[in-house]
Every structure is written in structure tokens, then in C-alpha cells.
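Hydrogens, waters and symmetry mates are skipped; everything else that's a heavy atom, side chains included, is used. When a ligand or atom number is given, it counts from 1 through the structure's own listing order.
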Amino acid sequence: MAKLLQLKQQGLPMAEINAIAQVPASEDKLSQAMTQLLMPPHPIDSQKWWALTTQRIEQLHQLAKDITQTMAQQSEYQQNQALTFLGLYLSSALFTATVTLWLGQKIIRNFMDKITKIANDMQQMAEDPKLNINIRVSGTDELARMARAMNRMISERQKANHALTRAAAVFDYSAEGIMVTDADNHIELVNPAFCNITGYTLEEVKGRSPSILSSSRHSQHFYTTMWESLQTEGKWEGEVWNKRKNGQVYPEYLAITVVRNEQGQIIQHIGLFMDISKRKQYEQDLWYQANFDALTGLPNRKLFNERLQHEIHVAQHDSRKLAILLIDLDQFKYINDVQGHATGDLLLKDVAKRLEGIAGKTDFIARIGGDEFVLILPRLTNELAIEHMATRIIETLGMPFDLNDREIQISASFGIGVYPEDGLDVSSLTRNTETAMYQAKDAGRNNFKYFTAGMNEAMFARMELEQRLRRAVAQNEFALHYQPIVDMQTGVVCSVEALIRWQDPDFGLIPPDQFIPLAEETGLIEPMGEWVLNQAMHDLRQWQKSGLKINVAINVSGRQCINTRGMGFDQVLQECFNRHHVNPRNVHIEITESMLMGDASHCLSTLESIRHLGSQIYIDDFGTGYSSLSYLKKFPISVIKIDRSFVENALESNANANLVKAIVMMGQSLEMELVAEGIETEAQWHFLRDLGCHFAQGYLISKPLPFDEITPLLHIKHTALLNHDYQDRCVNI
Ligand SMILES: Nc1nc2c(ncn2[C@@H]2O[C@@H]3COP(=O)(O)O[C@H]4[C@@H](O)[C@H](n5cnc6c(=O)[nH]c(N)nc65)O[C@@H]4COP(=O)(O)O[C@H]3[C@H]2O)c(=O)[nH]1
């Protein structure tokens with residue numbers, strides 16, 4: 001039992017103790033002995049008791065021996081078992097140590113590999129900052145996490161690098177100049193665009209103040225405001241005139257931003273600017289185009305209106321007067337059409353120069369239309385100044401122009417309007433001055449007219465007439481009257497002059513003087529002239545069919561002669577002759593002297609073409625114009641018509657008679673035939689015939705009459721006016 005207790009105290013498990021305490025089956029004797037020992041004592045003798053006791057003691061000894069033996073066996077067994085356990089323990093410990101060592105080595109090698117890989121990759125990246133390696137470390141351990149963290153870091157670094165690269169590229173390649181200054185506004189850094197724009201290198205500006213670029217165009221106040229804005233708002237932007245290194249001042253658009261540190265102190269200023277010279281130039285060009293005439297360089301109508309508005313305001317404020325002179329070139333359209341636009345342009349440029357030459361310092365001159373110029377005289381001290389200027393304009397523009405080696409003479413008509421009498425605002429003053437200008441034109445050109453209240457009525461009348469004339473052309477309200485031209489030697493009617501009449505439904509018959517100038521001005525003369533030509537050819541054909549030998553003279557205006565429907569006049573004629581089967585030799589073309597003065601070369605070629613067709617050319621109203629012999633010689637003119645005004649006055653005085661003689665002699669010296677117009681009396685007839693005039697036209701023979709009325713008169717031979725035998729000359733015309 002003591003042994004069992006001891007085992008128990010040693011902490012042996014109960015199962016084992018139990019096993020040890022179990023008495024094996026072979027030990028039945030022990031059990032029996034024990035049982036007997038425990039049995040109550042029987043009443044036996046001492047010997048027996050002794051034997052029994054001895055026996056039992058022996059049994060006990062045997063039992064103790066057995067127990068000792070068993071316990072020895074048990075102890076041996078336990079020892080063996082302990083040894084086994086120890087062996088096992090030691091071998092497992094060894095195994096564990098080996099495995100642990102092996103695992104440790106493996107883990108360490110693994111760690112070392114990973115660390116080496118990370119270190120190598122890091123080393124490579126350190127050597128080449130542009131290199132970005134994705135460190136590949138697998139697993140979930142610390143190193144793998146570290147590698148992933150590093151990869152993230154690298155990726156961030158990569159992004160940051162990209163951003164930096166981009167920022168650097170923006171800085172380097174930006175078209176805008178960039179300037180970075182420190183807190184004290186000393187230049188720290190500039191980009192290449194800065195150098196391009198300003199002409200300075202970084203070395204030249206580093207450490208200096210941006211005022212190195214100052215152009216001195218801005219006041220101190222300008223810069224003070226800029227700095228105030230930087231201090232309070234942290235930024236400023238606007239247009240600045242700066243100066244390049246070469247001294248050239250240029251405009252730039254500048255945006256300055258203040259950079260502050262975490263404490264809110266200014267550490268840098270970043271100035272970003274672009275050169276806006278081109279944009280400024282473009283804006284200026286646009287403004288120029290909108291306000292100036294490209295051809296002459298003079299202000300245009302828009303600028304004129306603005307300036308007049310301003311001058312009226314000033315004049316009103318100062319209680320002063322101002323005048324405007326509206327100048328229109330006479331026959332400019334003709335020159336333009338005949339000589340070509342290039343010559344027309346040259347003329348306009350020269351006119352502009354001449355007007356600029358005579359305008360005073362405070363005067364303002366503009367071109368407000370094709371051939372319309374306007375002069376503002378804003379500081380009128382007295383009205384004589386207007387007259388003086390008007391006379392100078394007429395004189396200046398009256399001098400011949402030398403255009404492409406051609407001498408061209410022009411004149412101008414202009415109206416004068418005075419503020420405040422003739423208009424209190426721009427539109428009324430301009431409108432009234434325009435009215436005065438038209439009046440000057442109607443009054444025979446090359447003069448000027450002051451605006452008067454009555455002019456407006458005339459202006460309205462003119463506008464109304466134009467309306468009616470347009471309708472007349474559209475509705476063909478015209479008729480032709482014919483006036484005979486008689487051979488002064490034979491009294492025979494050789495030809496008739498076709499004269500247009502306007503049969504207005506409201507106003508009756510209107511003579512050509514009242515609408516031809518307007519028709520020329522408005523261009524209506526072209527369709528009107530074509531109608532005359534066709535009608536006259538039609539009538540001529542009728543007379544010829546009836547067996548009458550007659551020619552027809554047609555009046556042709558300068559504008560009509562240039563072109564009709566875009567065709568040369570000779571082509572128009574040819575078409576018409578063909579249409580009516582008329583021989584061009586039976587048609588005379590009457591032109592005025594002024595036509596010859598416009599464009600000599602174009603006129604010459606047109607007249608030669610007409611002459612080439614076979615028609616003769618008459619100069620109408622001779623003597624009223626320049627009557628230049630040199631001009632007349634150049635042109636293929638066959639007949640001169642002496643203007644009615646000379647014939648009318650020829651017999652009134654010797655001087656007048658001598659004038660007519662001179663004209664006749666001039667014609668004779670040019671070997672041209674002469675027609676005396678407006679012969680009303682026999683005295684005039686005889687006078688002119690005796691001078692050597694060949695043909696006569698006038699009321700003495702007949703007034704212009706319609707076709708039906710004139711036809712019978714064409715057969716009459718005016719023998720009563722003859723005083724000697726004649727020979728028939730008409731066929732030669
Ligand atoms: N007092 C007076 N007058 C006389 C006498 N003999 C003729 N006349 C007028 O003198 C003008 C002559 O025509 P013109 O000089 O060619 O002058 C013409 C001509 O330049 C122009 N004209 C007439 N018809 C046409 C036409 O079809 N086309 C063009 N372009 N102009 C035309 O109109 C002008 C005026 O024509 P008309 O009024 O018909 O006036 C005609 C005629 O009626 C006379 O003895 N005494």
C-alpha cells in the first residue's frame with residue numbers, strides 16, 4: 001500500500017497504478033492469505049496456530065517476495081519504459097531539431113532570396129532612376145507584403161515622375177513664357193518661351209527684378225494696383241506692355257499667382273504670360289478694316305459718322321458751328337467703266353491724296369462711298385473758311401491727273417451743310433448736305449451748293465422722277481421723234497436725228513433733257529438706249545422699204561457706249577443692224593465731246609469698231625466742251641455738229657459770228673463735215689451755209705416729229721432755201 005501511495009505521489013496515472021496494484025491470477029495464494037488474514041481468528045491450538053502462523057508468515061514472505069519481485073519487474077518495466085520514452089523523446093527532439101534546422105534554413109534562404117531580389121531590384125532602380133521594376137515576391141509573408149508595398153511605392157513614384165516629367169515638359173515646351181520669382185521678387189527660374197519672347201537668357205535675368213522687362217508705358221499706379229491684388233487676392237492678370245531685350249515694346253497677357261507656404265508666407269510668384277502682339281495686330285487690323293477705306297487709307301463712312309457725332313457734340317458744347325462738304329466726283333463711273341477699275345482706283349487714291357493735302361490739321365476727311373468723299377471742318381471761325389475750302393477743292397481736283405501715263409481731267413460737285421442750321425444730328429446734317437450735292441450735280445457739275453430748305457423738295461422730286469423713270473423703262477413709255485437734217489447745197493433731207501420722248505401717263509410728253517441725265521446716273525440709259533436703237537432701225541427699215549434714201553442719227557450716251565448687257569457697243573449695234581436688216585452706212589452715231597475726254601484709248605477703240613462696221617460718227621454739241629483739236633484728230637469722227645447755242649447767237653454780234661466762223665474753220669481744217677444745229681431762221685441758214693457749213697438741222701426745216709408725221713416731210717426738197725444749183729451730197733454721208 002505504501003508503495004501504491006508512493007507511486008501515486010510520484011504522479012503516475014491511476015490506470016498504471018491500478019495495473020501495478022492488481023494481483024495477478026497466479027497470485028491466488030496471496031489473495032487467499034489475505035482473505036484468511038482478514039478472517040476472524042478461529043479458536044485453534046498454539047501449535048497449529050504456530051504452524052499456521054508460520055505458514056502464513058511464509059506465505060506473507062512469499063507474498064512480499066512476490067510483491068518485491070513484481071515491483072522490481074514493474075520498476076524494470078518502468079525503467080525500460082522511461083528509457084524508451086527518453087529514446088523516443090531524444091530521437092523526436094533530434095528529428096524536430098533537424099526538421100527545424102532544415103525548415104529554418106529553408107525559411108532563411110527563402111527570406112534571403114526575397115531580400116536579395118528586393119535589394120537587387122532596388123539597387124537597379126537606384127542606379128537608373130528611370131527604371132521602374134515591379135518586384136516579384138510571392139507569398140503572404142512580411143517580405144511579400146513589403147515587396148507589394150514597395151511596388152505600390154514605385155508605382156506612386158512612377159506616377160509622381162510622370163507628373164514631374166509632364167510638368168517639366170509643360171515648363172519647357174510651353175508657348176507661354178513662365179517666370180518664377182522668390183518672395184523678394186527676384187527671378188529664380190524662367191522657361192525657354194520666356195527667353196524666346198523677351199530675348200533674355202536665364203543667366204541674364206536670374207536674381208534680377210522682373211522690372212527689367214518694364215516698358216515705362218504704365219504708370220506707377222498700374223503696378224501698385226497689381227501688387228495690391230497679389231497681396232489681397234493672391235493673383236493678378238491683365239494686359240501689360242513690356243520691353244524685349246532689343247528694346248522693342250510688345251503687349252503681353254500676364255497672369256501672376258502667389259505661392260505661399262503652410263504658414264501663409266509668400267515664397268514664390270509664378271508669372272505666366274503670352275505675347276499678344278499678333279492678336280493685338282489682328283484686332284488693330286480688324287478695327288482698321290472696320291473703320292478705314294482699304295483703297296485710299298482714309299476713314300470710311302462708319303468712322304465719319306462717329307467723328308461727326310463727336311464734333312457735333314463738341315460744337316454744341318462750345319456753341320460753335322461746323323461744316324461738312326460732301327464731294328462727289330463727276331463722271332467717275334464713266335472713267336471707272338471705260339478705263340477699267342485699276343485706273344479708277346488710282347484716280348481715287350490721287351483724289352484722296354490731294355484732298356488730304358488741302359485739309360487743315362483739325363479737318364477730318366473720309367471716303368464714304370465709291371466716288372464720294374467728305375470733309376468735316378470742325379473749328380469754323382467764320383463761314384468764309386467754307387467758301388475758301390470749297391474753291392480750293394474745285395481748283396485742286398480740276399488739275400489734270402496723270403494715271404498710268406494718261407492725263408485725265410475730272411471735276412467734282414459737292415454740297416455743303418452747316419451745323420446747326422442744316423441739321424442738328426449726324427443723319428439730318430448728312431442727308432441735307434447730300435441733297436445740296438445732288439443739286440450741285442444737277443446744276444451742271446463742277447460746282448458746289450449750300451444746302452437750302454427748298455432743296456429737300458427738289459430731292460424728293462428727283463427721287464420720285466427716278467421711280468417713275470424705272471416704271472417707264474419697264475412699261476416702255478417712250479416714243480421716238482425725228483428731226484430732218486438737210487443738205488444746205490441741195491435742200492434734200494439726207495438724214496433724220498432720232499430724239500427720244502417720254503410719254504408719261506400722268507405728266508404727258510417729257511423732253512429728254514429732263515430725264516437723260518438721271519437715266520445716265522441710274523444706268524437706265526442702257527435699256528433705254530437699246531430700245532431707241534431698235535426702234536430707229538425698225539423705222540429706218542420702213543422708210544427704206546418705201547424707197548426713201550435716208551440715214552438715221554442716233555444719240556449715244558457715254559455710259560451706253562461702254563457696254564450694254566456686258567457687250568461692247570459695236571456688238572450691240574451689229575446685232576441690231578442684223579436684226580433689222582439695216583446697212584450700217586445708213587446709221588450715224590452721235591456722241592458728245594465729253595465722252596472723248598474720259599478714256600481716250602477705250603473710246604478710240606469703240607469708235608474705231610463702230611467705224612469699222614461702216615457707221616459714221618458725229619460729234620454732238622460741238623463747242624460746248626473742250627473743242628480740243630488734238631483730241632478730235634485722234635478719233636475717227638466724220639461730222640461735227642455745231643451746238644445750237646452758237647447758231648442761235650451767231651447773228652447777234654460780230655464776236656458771236658466770229659466764234660461760229662472759228663468753229664467752222666476748225667472743222668474744215670480737220671476735214672470734217674459740219675452740221676449746224678438749231679437753225680430757226682433763213683438768215684442763220686444763209687450765214688452758216690455761206691461759211692461753208694454742209695448740213696442744217698432746226699425748226700426752220702422742221703421740229704422733231706413722230707414717225708407718221710415726219711415721213712411725208714422727208715420727201716420735201718427745200719429748194720426755197722437754195723440760191724444756186726446743187727449736186728446731191730447725201731449719198732456721201
Ligand atoms: N430751240 C430749238 N431747239 C432745237 C432746234 N432744232 C433742234 N432742237 C432741239 O435740239 C436738240 C438736238 O438734239 P441734241 O443736241 O442731240 O440734244 C439731245 C440729245 O443730247 C438728248 N437726246 C435726245 N434723244 C436722245 C436719245 O435717244 N439718247 C440720248 N443718249 N440722248 C438723247 O437730248 C437732247 C435734247 O433733245 P431734244 O429736247 O429733243 O432737243 C433736240 C431738238 O429738239 C431749234 O431750231 N430750236
Side-chain angles (χ1 to χ4, degrees), residues 334 444 469 472-473 476-486 488 493 495-503 508-540 552-562 564 569 572-573 576 587-595 617-625 639-651 674-685 687-688 693 695-707 709-710 713 718 721:
Y334 174 75
L469 192 57
V473 171
N476 195 13
E477 293 171 2
F478 301 105
L480 275 189
H481 285 193
Y482 294 96
Q483 187 174 33
I485 298 172
V486 175
M488 294 180 105
V493 178
S495 50
V496 287
E497 181 181 0
L499 295 158
I500 194 168
R501 299 289 180 265
W502 175 9
Q503 189 67 53
L509 210 59
I510 302 174
D513 289 339
Q514 288 182 27
F515 62 88
I516 291 285
L518 186 63
E520 282 184 349
E521 232 172 82
T522 54
L524 288 169
I525 195 74
E526 289 178 18
M528 196 184 284
E530 218 179 338
W531 176 84
V532 170
L533 198 59
N534 272 298
Q535 186 59 47
M537 294 308 106
H538 172 266
D539 293 344
L540 174 64
V552 169
I554 309 284
N555 287 283
V556 172
S557 87
R559 181 151 179 183
Q560 187 187 354
C561 201
I562 298 158
T564 298
F569 186 62
V572 176
L573 274 180
C576 195
V587 181
H588 307 150
I589 300 298
E590 290 195 12
I591 60 164
T592 56
E593 260 181 302
S594 58
M595 261 179 71
I617 292 155
Y618 284 29
I619 279 282
D620 206 359
D621 306 335
F622 189 77
T624 54
V639 180
I640 287 175
K641 291 184 86 173
I642 304 166
D643 190 64
R644 196 175 48 160
S645 56
F646 296 105
V647 175
E648 195 180 356
N649 302 322
L651 299 177
L674 287 149
V675 179
E677 280 187 312
I679 299 221
E680 293 185 2
T681 63
E682 284 191 24
Q684 288 168 342
W685 168 283
F687 174 70
L688 280 146
C693 207
F695 304 100
Q697 177 182 355
Y699 290 175
L700 178 68
I701 298 143
S702 168
K703 285 192 171 187
L705 293 171
F707 179 85
E709 291 175 45
I710 201 73
L713 303 183
H718 298 272
L721 295 168

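Distances from ligand 1 to the non-hydrogen atoms of Pro704 include at least one value under 4.0 Å. Residue contact annotation: Glu497 has a non-hydrogen atom under 4.0 Å from ligand 1. Gln483 counts as a contact of ligand 1, since one of its heavy atoms falls under 4.0 Å from the ligand.
Taken from CD1 in Ile710 to CG in Leu480, the straight-line distance is 12.0 Å, to the nearest 0.5 Å. To the nearest 0.5 Å, the span separating CZ on Phe515 from CE on Met528 amounts to 5.5 Å. Distance check: His481 NE2 to Glu497 CD gives 13.5 Å after rounding to the nearest 0.5 Å. Rounded to the nearest 0.5 angstrom, Asp539 CG and Phe707 CZ are separated by 5.0 Å.
An N or O contact shorter than 3.5 Å links Ile500 to ligand 1 by distance. At least one N/O-N/O distance between Arg501 and ligand 1 falls below 3.5 Å.
Glu590 meets the salt bridge (charged side-chain N to carboxylate O under 4.0 Å, His left out) test with Lys641; sequence neighbours excluded. With sequence neighbours left out, Asn534 forms a side-chain contact (heavy atoms from CB on, under 4.5 Å) with Glu530, Cys576, Arg579, His580.
Each of Ile554, Ile525, Leu499, Asn555 was scored for a side-chain contact (heavy atoms from CB on, under 4.5 Å) with Val532, with one residue passing: Ile554.
Across Ala696, Pro512, Ala498, heavy-atom proximity to atom 36 (O) of ligand 1 is greatest for Pro512. Checking Leu480, Asp620, Asp513 against atom 34 (C) of ligand 1, the nearest heavy atom belongs to Asp513.
Under a 4.0 Å criterion applied to the non-hydrogen atoms of Val532, ligand 1 contributes the atoms 27 (O). Residue contact check: Glu677 has heavy atoms under 4.0 Å from atoms 12 (C), 14 (P), 15 (O) of ligand 1. Close approach of ligand 1 to Asp621 (heavy-atom distance below 4.0 Å) involves ligand atoms 15 (O). Set against the non-hydrogen atoms of Gly678, the atoms of ligand 1 under 4.0 Å away are 5 (C), 6 (N), 44 (C), 45 (O). Heavy-atom proximity to Gly698, at under 4.0 Å, picks out these atoms of ligand 1: 6 (N), 45 (O). Within ligand 1, counting atoms from 1 as listed, the ones closer than 4.0 Å to a heavy atom of Glu680 are 1 (N), 2 (C), 44 (C), 45 (O), 46 (N).
Residues Trp502 and Leu469 are in side-chain contact: their nearest non-hydrogen atoms beyond the backbone lie under 4.5 Å apart. Taking the side chain as every heavy atom from C-beta outward, Leu688 and Ile642 approach each other to under 4.5 Å. Counting only heavy atoms from C-beta outward, the side chains of Phe695 and Tyr618 never approach each other to under 4.5 Å.
Without hydrogens or angle criteria, Gln483 side chain to Ser702 main chain gives a donor-acceptor distance under 3.5 Å. At distances below 3.5 Å, not a single donor-acceptor pair connects side-chain atoms of Asn476 with backbone N or O atoms of Ala472.
Within the 4.0 angstrom cut-off, atom 40 (O) of ligand 1 has no protein heavy-atom neighbours. Under the 4.0 angstrom criterion, atom 9 (C) of ligand 1 counts as having a protein heavy-atom contact.
Counting protein heavy atoms only, atom 11 (C) of ligand 1 is closest to Leu499 CD2, 4.7 Å. The nearest heavy-atom contact from the protein to atom 45 (O) of ligand 1 is Tyr699 N, 2.9 Å. The shortest contact between atom 31 (N) of ligand 1 and any protein heavy atom is with Asn555 CB, 3.5 Å.
In Arg644, the part holding a heavy atom less than 4.0 Å from any atom of ligand 1 is the side chain.
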